[in-house]
Amino acid sequence: MRVYNTLTRSKEEFVPRRADAVAMYVCGPTVYNHIHIGNARTFLSFDVIRRYLEWRGFDVSFVRNITDVDDKIINRAREEQVTAPEIAAKYTAAFHEAMERLGVKAPTYEPYATQTIDEMIEMIERLIEKGNAYESGGDVYFAVRSFDGYGKLSGRDVDDMRSGARIEVGDLKRDPLDFALWKSAKPGEPFWTSPWGDGRPGWHLECSVMSTGHLGETFDIHGGGVDLVFPHHENEIAQAEADTGAPFARYWLHGGMLQINSEKMSKSLGNFMLLKDVLGTFPAPIVRLFMLQTHYRSPLDYSEERLAAAVKSYERIETAVRNARAVAEGAAADGAGASASSADESSLAEALVAAPEDARARFIEAMDDDFNTAGALAVVFDQVRLVNSFLDQIGSGRGAGYSDLLKAIIDTMLDLLRVLGITFAEGEDGYPVEVVDLAAQLAGYGGGDTREAVDALLASRAAARTDKNWGLADAVRDGLAGLGFVVEDTAQGARVIYRGQS
RNA sequence: GGCGACGUGGCCAAGCGGUAAGGCAGAGGCCUGCAAAGCCUUUAUCCCCGGUUCGAUUCCGGGCGUCGCCUCCA
């Protein structure tokens, strides 16, 4: 398995510190607002990485924090005239709900900054003791120049940065590059008691403390969006490595930005779409498919057109699964044996036999190469075409004998898609009540059950078609279409797919 | 200005030394009462210019263009 490591700017063989386990940390949200779809992309990327590592047999410890103390939270609380903890609680809950809706697995540990204050204070004390930090007017700063490796992650030279850094009048820093570990509290701000007076931790510190706290020194993977490389991750490294003297994280993985009109989506630019709103229009599997068709490190442009295209490709998979299942189940019911009736059919059958193992191998090959989800999806679509071609070849009613083969390939496809967190709803109903009226009108249905109504409509359409009463047959189909149903005539008879009203 | 990434068919996107996966869209054909779904066929001087190589989309240099970080940001 090879992964791109920002630290070395190259793809490296991935060797976790323990052969059978992976310790990974991903920077979680600062809970001052709903997360937008760009934030979601990063969480999704690392969710897939985590799922893949688990699928490959690693015991994954996945830590993702909640930063619930920060200037932005305080500002937001002021705006909304509530307390900072109320803001944090509100958006933490919203974050959890959104992650669940997106199908992002819950982390193994989810530490909160406000519950780690003691540990942070302890780290600051150690850093002061070692000469890497100093107190100044109630604040504590990290002395960037006291740490040799500063800039190694982002490829910066401390002296180059100096010219660009601004020095504010009355700054308490000794060096403009120094960053705050502890900020003294201003009136009305939340605070904790510390050896340097009442205050709160600076950004960056919580991640160093919480990651090493749960995963130990020199854990395997540290992830986040590329925009966190500097200064956030650079500072995390400085704090943690100055403290422990050991390497902080071994592989630094960074996700590319989600863009809109080729421009980074961000809250400060105001060009963002909230995840919860996007999920209101496009279900989680669609959003995942849309995002995973691009490599996680590449920029990805958001557009509704592309989401709509993802709907079509999702339906392509869904249809293949449904068709294969229908044939496999019908065949199993027949119980009769069958032999290939043509050369094409038998060569396709051979390909089908090899398909599950072949797909798995190619999927692994793609994912082992820095989590190439786009390549992995191509493998799935290849299986889709294989299955469809086969179904096309064997034609109607002759699936017998191929039932197990079809089931095996479908199971494999679904298994691979599950690694990407892309799932399919099973046997949902939720038909609109209007079908009952439609059935009363067109099929003489007298009951009140939506499923029965649909069955009655299909039965009346089948009868109409036998009588070549195309007018009635089409009226039924059009009526159902108006309610969000697609009618498909298959070898096993007519079938209805509910796509919802739109 | 400093650091970094990227530029592949109509749109999106893998591949990264032996002339190009996949998705969406388009065209033609098959199937269908008509559809839907599906199958088959079909669409690429891989941004430009040099260089290395038997051979480059793939490596190196230069150019042009787009984007990110350098301030809060996933």
Side-chain angles (χ1 to χ4, degrees), chain A residues 6 9 26-30 32 35-46 70-72 75 151 154-157 159-161 163-166 203 223-232 234 254-259 262-269 272 289-290 292-295 297-301 303 305-320 322-323 344 362 366 369 372-382 384-385 387-393 395-396 464-465 468-470 473-474 477-478 481 485-491 494-497:
Chain A
T6 306
R9 302 255 155 65
V26 173
C27 292
T30 298
Y32 70 101
I35 66 162
H36 62 63
I37 187 86
N39 304 131
R41 185 188 182 201
T42 299
F43 296 125
L44 172 58
S45 297
F46 286 99
D70 178 85
D71 291 355
K72 292 189 165 187
N75 293 338
S154 53
R156 276 155 226 263
D157 183 90
D159 291 314
D160 286 345
M161 285 189 281
S163 54
R166 60 199 162 89
W203 188 44
V226 266
D227 55 351
L228 293 186
V229 171
F230 188 88
H232 185 55
E234 197 70 72
H254 290 100
M257 294 294 99
L258 187 82
Q259 308 182 320
S262 296
E263 198 175 46
K264 177 182 171 181
M265 179 180 285
S266 75
K267 285 172 185 160
S268 41
L269 288 174
F272 59 90
L289 190 56
F290 157 66
L292 296 177
Q293 276 180 299
T294 298
H295 186 92
R297 278 194 293 113
S298 301
L300 165 61
D301 227 61
S303 85
E305 291 70 38
R306 299 201 42 206
L307 254 338
V311 170
K312 302 302 251 178
S313 31
Y314 180 77
E315 286 173 357
R316 179 170 164 77
I317 302 171
E318 203 175 32
T319 303
R322 189 170 46 234
N323 287 340
D344 280 353
R362 290 174 54 215
D369 182 14
N372 183 352
T373 53
L377 280 166
V379 173
V380 172
F381 282 108
D382 281 344
V384 166
R385 194 179 46 254
V387 165
N388 284 339
S389 308
F390 184 72
L391 293 178
D392 186 62
Q393 272 294 318
S396 60
R465 294 184 71 214
K468 298 201 192 300
N469 181 353
W470 309 129
D474 290 348
R477 188 171 63 197
D478 294 346
F485 292 89
V486 177
V487 177
E488 291 183 354
D489 290 317
T490 75
R495 161 176 81 192
V496 106
I497 297 142

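To find a chain, count down the sequence lines: A is the first, B the second, and so on, and within it residues start at 1. Bear in mind that the values here come from a model prediction, so they are computed numbers and not experimental data. Side chains included, hydrogens not; waters and symmetry mates left out as well; all remaining heavy atoms used.
With rounding to the nearest 0.5 Å, the separation of CE in A:Met265 from CZ in A:Arg41 is 11.0 Å. Note that the CG atom of A:Asp227 and the CE atom of A:Met257 stand 3.5 Å from one another [nearest 0.5 Å].
Considering only the side chain of A:Ser298, B:A14 comes nearest among B:C24, B:A14, B:G22. The side chain of A:His295 lies closest to B:A14 when the candidates are B:C70, B:A74, B:A14. Comparing B:A21, B:C69, B:G23 by their closest approach to the side chain of A:Asp382 singles out B:A21.
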Going through the checks in order, is the side chain to side chain contact (heavy atoms under 4.5 Å, CB included) test met by A:Asn39 and A:Lys267? CA-CA 10 Å; A:Asn39 304 131; A:Lys267 285 172 185 160; 3.7 Å; yes
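Nearest-nucleotide assignment on RNA chain B puts the 5′-proximal partner with A:Thr294, out of A:Gly225 and A:Thr294. Nearest-nucleotide positions on RNA chain B for A:Ala40 and A:Asn372 put A:Asn372 closer to the 5' end.
Base pairing annotation: B:G9 forms no Watson-Crick or G-U wobble pair, as no partner gives both donor-acceptor distances under 3.5 Å. Of all nucleotides present, only B:C30 satisfies the Watson-Crick or G-U wobble test against B:G38, with each distance under 3.5 Å. Taking a pair to require two hydrogen-bonding distances under 3.5 Å in either a Watson-Crick or a G-U wobble arrangement, B:C46 remains unpaired. In this entry B:C3 has B:G68 as its Watson-Crick or G-U wobble partner, both defining distances falling under 3.5 Å.
Put simply, the side chain of A:Tyr32 does not reach to within 4.5 Å of the side chain of A:Asp71, judged on heavy atoms. Looking at heavy atoms from C-beta onward, A:Arg322 lies in side-chain contact with A:Ile497 at the 4.5 angstrom threshold.
Figure legend: cation-pi geometry between A:Arg316 and A:Phe381 absent, as NZ or CZ is not positioned both under 6.0 Å from the six-membered ring centre and within 45° of its axis.
Atoms CZ (A:Arg306) and P (B:C12) sit 7 Å apart, rounded to a whole Å. Atom P of nucleotide B:A21 and atom CZ of A:Phe381 are separated by 17 Å, given to the nearest angstrom. The CD atom of A:Glu234 sits 12 Å away from the C1' atom of B:C3 (whole-angstrom rounding). Atom pair A:Leu300:CG and B:C12:P shows a separation of 11 Å (rounding to whole Å applied). The NZ atom of A:Lys267 sits 9 Å away from the C1' atom of B:A74 (whole-angstrom rounding). The CZ atom of A:Phe230 sits 13 Å away from the P atom of B:C69 (whole-angstrom rounding). In this structure, A:Leu292 atom CG and B:G22 atom C1' are separated by 14 Å, rounded to whole Å. When the C1' atom of B:C12 is taken as reference, atom CD of A:Glu305 falls 12 Å away, rounded to whole Å.
A donor-acceptor contact shorter than 3.5 Å links the side chain of A:Ser389 to the backbone of A:Arg385. Between the A:Ser266 side chain and the A:Leu269 main chain, a donor and an acceptor come within less than 3.5 Å of each other.
Here the rule is side-chain contact (heavy atoms from CB on, under 4.5 Å) with A:Leu300, and of A:Gln293, A:Gln259, A:Arg306, A:His295 only A:Arg306 fits it.
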What is the per-nucleotide protein-contact pattern of nucleotides 28-41 of chain B, from the 5' end, where B denotes a base atom under 4.0 Å from a protein heavy atom, S denotes such proximity for sugar-phosphate atoms only, and - denotes neither? -----BBBBSSSS-
In the 5'-to-3' direction, what one-character label does each nucleotide of nucleotides 56-68 of chain B receive under the scheme B = base within less than 4.0 Å of a protein heavy atom, S = sugar-phosphate only, - = no such atom? -----------SS
